[in-house]
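Take a look at the structure below.
Hydrogens, waters and symmetry mates are skipped; everything else that's a heavy atom, side chains included, is used. The chains referred to below are lettered A, B, ... by the order of the sequence lines, with proteins before strands, and numbering in each begins at 1.
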2 protein chains.
Amino acid sequence: MEHRNLIAVLCLISAFILPINAELKYVDASRLTLIGKVMPTPENVYHRVDTVKYNDMPFQVKRLFTHSAGLVVSFKTNSPTVAARWTTKGKGVMGNVTPICDRGLDLYMNDGGKWIPVGAGTPSAGKAEQERVITKNLKPGVHRFLLYLPLFEEVRSLEIGVDEESFIEAEPSPFRHTVLMYGSSILHGACASRSGLAYPARMSRNTGINFVNYGLSGNGKMEAAVADMLKDIDADAFILDCMPNPSPEEITERTQYLVNTIRKYHQGTPIIMIETYMRENGYSDQAVHDRCTRQGEAFVKQYELLKKQGIKDLYLIRDNHAIGTDHEGSVDGTHPNDLGFDRMVEQYQPQIMRILKKYGIK
Amino acid sequence: MEHRNLIAVLCLISAFILPINAELKYVDASRLTLIGKVMPTPENVYHRVDTVKYNDMPFQVKRLFTHSAGLVVSFKTNSPTVAARWTTKGKGVMGNVTPICDRGLDLYMNDGGKWIPVGAGTPSAGKAEQERVITKNLKPGVHRFLLYLPLFEEVRSLEIGVDEESFIEAEPSPFRHTVLMYGSSILHGACASRSGLAYPARMSRNTGINFVNYGLSGNGKMEAAVADMLKDIDADAFILDCMPNPSPEEITERTQYLVNTIRKYHQGTPIIMIETYMRENGYSDQAVHDRCTRQGEAFVKQYELLKKQGIKDLYLIRDNHAIGTDHEGSVDGTHPNDLGFDRMVEQYQPQIMRILKKYGIK
């Protein structure tokens, strides 16, 4: 009862502070430019992977690929207001992320060549359907926008609203090339406070390179069926940030098939392996410390074996306390917070860009 | 129905990954040391203010003072496991913060003189009662802990669990002096990812000074009844971070009474006014920009008037883009994320400490 009261109060507050303009018109976001996809997904345009075609992947992997992590709508409008109506499959909450990150929207506007966040679509509790004015009172003129979709939900529908007398049009992606990133919940975006702060999203805005998010919360385990899907992707580079989820034994068993499969179908394309930092709770929990240490050893050993076998264009980014040394860069002992992600970007991005530059990806 | 299924799944997952040790014993946290309080609160030890005694304050102010923001339990134990059972008044969710911040717990351990976070108490969805193992597998020895309470909820009960054969004892507060901070949601802790990352909490661990959190989400409006309550508080310094909530007109009407009341009852005690940064959505929303500008002008003008009137020991910290200049330091356009808080601490803390030092508060 109390929960329901809270929902009612939140809805009232939302209605009060975010009045939906009756004069808005809505367009289906699928008619605009959708960035972050590297294959068609007939079942739902907001899926990352065609899970019907790649049906052999584990159930949880397929479910997570229906999440819209890393998908971004690119458009321009002269409207002083931008609103959205959207529906997600789930309406629950996760304990360690904000609902904005989980089921909400994150709007950036180009301001003199720089992308700045101008409003979040904060979801109401207990509802799958949302409607929000995300930004308003913009100065006159045509503005370019990037709307980041939810990180941990399947989006069922999305419409973007502008003032009735304004225009809204698809805008080309501002990002070049395709760098496919496959990996863990950290890559997926847990626990950024909003979707535009996931680390591939930050690196894309920083560099202009299209870093595609194939993060799978808890499930970046390098299964053979996932490797077989990745080989079909036409990417300029592959980044593997998948050390945290598989056991040390699974890392030993699976890394070679993953790397060799990508290499076989993409000769001359760089493959970058990222060694994950020690989990923050590994500094106190001795069992976690031991597991992380063994995962890291197994991952680095597989890299060295692959190099010895003559695999070319393979790189390893070693961990150097990627989320900082003050121990404040994590939400829950496992996942970075926005401070941790900021430090990760600072550490990873220049190393990644140095490698990509050798291949003309710049 | 779907929501209920999700809750069931989350509970199952929690039960699986966090088995509660049957051999734990629990002690009531109120028998340990409770830091962050500056007055007795007979109604509930986890309130910040005695809202029965100070009954004239607005309803929302009194409600928010029942939140346990800034309260910390200090204890030591030789247990390799630390668990908690706790109950909050509400069980809902806020759109812009994590449930960990809202209703959860945040445990720090002293590691060679430094406080490091060692585990979060992540609440289950839709429940007011929680039980969690927060850290485990600690190396042998006696460890000192700080357990940060929820930022946005009233705590109804709290017990700390340790292994049955271990001891748990109250540990004195590691923090000196009392610096009372009164203000907005930003001070309250929105939108830190967990309670130990609210900026007064960070400054306390950094400096050893007890910064007491009287932040009131949306309600740090300098009402006369609040000023009349603050005058009774025996603090070594007062910091007023209350620019964001009152209108420019309210700032003009209320600042003098607040400062003069504190000054009258606390001669020679420093009072520091903090000018809040431009809201991030003020860089796009012209109406927000105008309001923030007028709030800042009113706040600074009141400071200057008070100085002209001869009020001594009064200081102003001017804003210098406190949450950074890349526009990524906010969750929702208003509240800092952990990155924004990190930058705020970097900017505010040295300025505050320079002032406090003049008064022997160091």
Side-chain angles (χ1 to χ4, degrees), chain A residues 2-3 5-7 10 14 89-100 104 109 111 114-120 122-126 128 135-139 191-194 196-197 202 280-281 283-289 326-333 337-342, chain B residues 2-3 5-7 10 14 89-100 104 109 111 114-120 122-126 128 135-139 191-194 196-197 202 280-281 283-289 326-333 337-342:
Chain A
E2 197 167 72
H3 193 187
N5 283 347
L6 180 73
I7 293 170
L10 287 174
S14 304
K89 181 182 178 190
K91 55 188 177 181
V93 290
M94 293 167 71
N96 56 353
V97 302
T98 67
I100 292 174
M109 185 174 87
D111 182 48
K114 183 172 165 55
W115 293 105
I116 67 168
V118 294
T122 306
S124 295
T135 191
K136 55 186 168 40
N137 303 316
L138 301 177
K139 58 185 167 193
C191 295
S193 64
R194 48 185 172 79
L197 292 177
R202 292 203 63 177
E280 278 298 325
N281 58 1
Y283 292 103
S284 51
D285 186 320
Q286 303 299 295
V288 171
H289 192 280
D326 65 357
H327 304 289
E328 297 292 23
S330 171
V331 173
D332 52 10
N337 53 27
D338 292 328
L339 178 60
F341 276 124
D342 192 63
Chain B
E2 197 167 72
H3 193 188
N5 283 346
L6 180 72
I7 293 170
L10 286 174
S14 303
K89 181 183 177 190
K91 54 189 177 180
V93 291
M94 293 166 72
N96 57 352
V97 302
T98 67
I100 292 175
M109 186 175 85
D111 182 48
K114 185 174 164 53
W115 293 105
I116 67 167
V118 294
T122 307
S124 295
T135 191
K136 55 187 169 38
N137 302 317
L138 302 177
K139 59 185 166 194
C191 295
S193 64
R194 48 184 171 79
L197 291 178
R202 292 204 64 177
E280 279 297 324
N281 58 2
Y283 291 104
S284 51
D285 186 321
Q286 304 299 296
V288 171
H289 192 280
D326 66 357
H327 304 289
E328 297 292 23
S330 170
V331 173
D332 53 11
N337 53 26
D338 292 327
L339 178 60
F341 277 124
D342 192 63

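The residue among A/E280, A/M109, A/K114 with the most heavy atom pairs within less than 4.5 Å of chain B is A/K114. Note on B/N281, B/D111, B/T135, B/I100: by heavy-atom pairs under 4.5 Å with chain A, the leading option is B/I100. Put simply, of A/A120, A/G104, A/P117, the one with the most heavy-atom pairs under 4.5 Å next to chain B is A/P117. When B/V118, B/V331, B/D332 are compared by the number of non-hydrogen pairs under 4.5 Å with chain A, B/V331 comes out ahead.
No donor-acceptor pair closer than 3.5 Å links the side chain of B/R194 to the backbone N or O of B/G119.
Residues A/D342 and A/R202 have side chains in contact (heavy-atom distance under 4.5 Å, counting atoms from C-beta outward). At least one side-chain heavy atom of A/S284 sits less than 4.5 Å from a side-chain heavy atom of B/L138.
When every heavy atom of B/V97 is checked against every heavy atom of A/P99, the shortest pair comes out as O-CD, 3.5 Å.
With a 4.5 Å cut-off on non-hydrogen atoms, B/D326 touches chain A through its backbone and its side chain both. With a 4.5 Å cut-off on non-hydrogen atoms, B/N96 touches chain A through its backbone and its side chain both. With a 4.5 Å cut-off on non-hydrogen atoms, A/L197 touches chain B through its side chain but not through its backbone.
Note: A/E328 CD to B/D338 CG = 9.0 Å, rounded to the nearest 0.5 Å.
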